Amino acid sequence: MLLSELLIELSSKLDHKRVVSMIRAGGQISLIRSYLLHVQREDLSVVNEAVNELFVEEENYVHLRESIDDYDQFDQIGLAQRLENHNLLEFRRISAYLYKMCKRWKVSIELSNGRSSETAKAHRG
């Protein structure tokens, strides 16, 4: 928590992309959760992807959906592909929502109808 608080205090002087890449390299991204949420308002892709990754790890689909709706700078297709086979139904719904946002209607409909990801993969593109 102290690291995150320090980063928040210094946030106006930091390169957020560099901070995230350094912490991610150490595999400790959860240590700076508060910092990430604080700087997410700048809508940087590397920060948004780190926040979304945390929400997926925590299985927090409510906050993940809010993050997706509020901040659009991230790899939407990459996240959709990661979530389409998730054990929790809500994450598969978010995957279908992301495909819909990217106008990949066939894949979104296949996932919404509960069809397997193999069927959805055949319709990607």
Side-chain angles (χ1 to χ4, degrees):
M1 187 57 123
L2 294 175
L3 174 62
S4 198
E5 290 173 9
L6 176 64
L7 291 172
I8 289 170
E9 285 295 319
L10 298 172
S11 65
S12 64
K13 299 175 183 172
L14 294 174
D15 177 4
H16 307 304
K17 293 178 184 178
R18 187 169 181 198
V19 170
V20 171
S21 66
M22 290 174 66
I23 300 296
R24 183 176 272 158
Q28 301 295 324
I29 204 76
S30 61
L31 290 177
I32 61 168
R33 184 182 199 277
S34 298
Y35 164 75
L36 291 171
L37 294 173
H38 177 76
V39 299
Q40 190 178 22
R41 65 177 177 240
E42 295 182 25
D43 203 17
L44 300 170
S45 62
V46 70
V47 172
N48 293 339
E49 288 174 6
V51 169
N52 293 343
E53 177 184 320
L54 282 175
F55 291 149
V56 171
E57 287 176 13
E58 296 169 358
E59 296 186 341
N60 189 340
Y61 57 84
V62 173
H63 285 112
L64 177 62
R65 179 65 185 256
E66 289 173 1
S67 175
I68 289 168
D69 287 338
D70 294 342
Y71 306 101
D72 61 356
Q73 297 298 315
F74 64 96
D75 179 11
Q76 295 164 337
I77 297 299
L79 182 58
Q81 289 172 342
R82 182 175 173 199
L83 297 177
E84 70 184 36
N85 291 317
H86 200 281
N87 291 334
L88 295 177
L89 174 63
E90 289 301 323
F91 284 103
R92 294 192 304 270
R93 286 182 178 158
I94 291 172
S95 176
Y97 175 70
L98 287 166
Y99 280 121
K100 179 181 152 192
M101 286 174 51
C102 295
K103 297 182 177 19
R104 296 206 178 174
W105 309 112
K106 289 181 182 179
V107 181
S108 179
I109 290 169
E110 293 291 329
L111 288 171
S112 296
N113 289 335
R115 300 218 174 97
S116 70
S117 62
E118 288 78 29
T119 305
K121 285 178 186 175
H123 293 291
R124 246 189 223 131

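If you read the sequence from its start, that first residue is 1, and numbering goes on from there. Since this is a predicted model, take the numbers as computed values, not measurements. Values reported hereafter were calculated over all heavy atoms of this structure, with side chains retained and with hydrogens, waters and symmetry mates removed.
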CA sep, side-chain torsions, deciding dist, call: Gln76, Tyr99, side-chain hydrogen bond (donor to acceptor under 3.5 Å, both in side chains): CA-CA 8 Å; Gln76 295 164 337; Tyr99 280 121; over 6 Å; no

Chi angles and distances behind the salt bridge (Lys or Arg N to Asp or Glu O under 4.0 Å) call for Arg33, Glu57: CA-CA 12 Å; Arg33 184 182 199 277; Glu57 287 176 13; over 6 Å; no

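Inter-residue side-chain proximity for Leu79 and Ile94 is flagged as unmet; no heavy-atom pair is nearer than 4.5 Å. Looking at heavy atoms from C-beta onward, Phe74 lies out of side-chain contact with Val51 at the 4.5 angstrom threshold. A 4.5 Å side-chain heavy-atom check between Leu14 and Val39 finds every atom pair outside the cut-off.
Between the side chain of Asp43 and the backbone N or O of Tyr71, no donor-acceptor pair lies under 3.5 Å. The backbone N or O of Leu83 lies less than 3.5 Å from no partner atom in the side chain of Ser95, so there is not a single donor-acceptor pair. At least one donor-acceptor pair closer than 3.5 Å links the side chain of Ser108 to the backbone N or O of Ala96.
Within 6.0 Å of CD on Glu9 lie no more than 12 heavy atoms contributed by other residues, nucleotides or ligands.
By the ring pair (Phe, Tyr, Trp, His ring centres under 6.0 Å) test, Phe91 is found to be paired with His86, residues two or more places apart in sequence or in another chain being considered. For Asp69, the salt bridge (Lys or Arg N to Asp or Glu O under 4.0 Å) partners are Arg65, not counting sequence neighbours. Qualifying ring pair (Phe, Tyr, Trp, His ring centres under 6.0 Å) partners for Tyr97, counting only residues two or more places apart in sequence or in other chains: none. Residues forming a ring pair (Phe, Tyr, Trp, His ring centres under 6.0 Å) with His38 (at least two apart in sequence, or on another chain): none.
Pairs engaging residues 85-102 under the salt bridge (charged side-chain N to carboxylate O under 4.0 Å, His left out) rule: Glu90-Arg93 [sequence neighbours left out]. Residues in residues 16-25 take part in these side-chain hydrogen bond (donor to acceptor under 3.5 Å, both in side chains) pairs, two or more places apart or across chains: His16-Tyr35, His16-Glu42, Arg24-Glu53.
No continuous path of ILVMFWY side-chain contacts below 4.5 Å connects Leu89 to Val62, so the two sit in separate hydrophobic clusters.
Neither side chain, Ser34 nor Glu5, offers a donor N or O lying under 3.5 Å from an acceptor on the other.
The distance from the CG atom of Asp70 to the CD atom of Gln40 is 8.0 Å, given to the nearest 0.5 Å.
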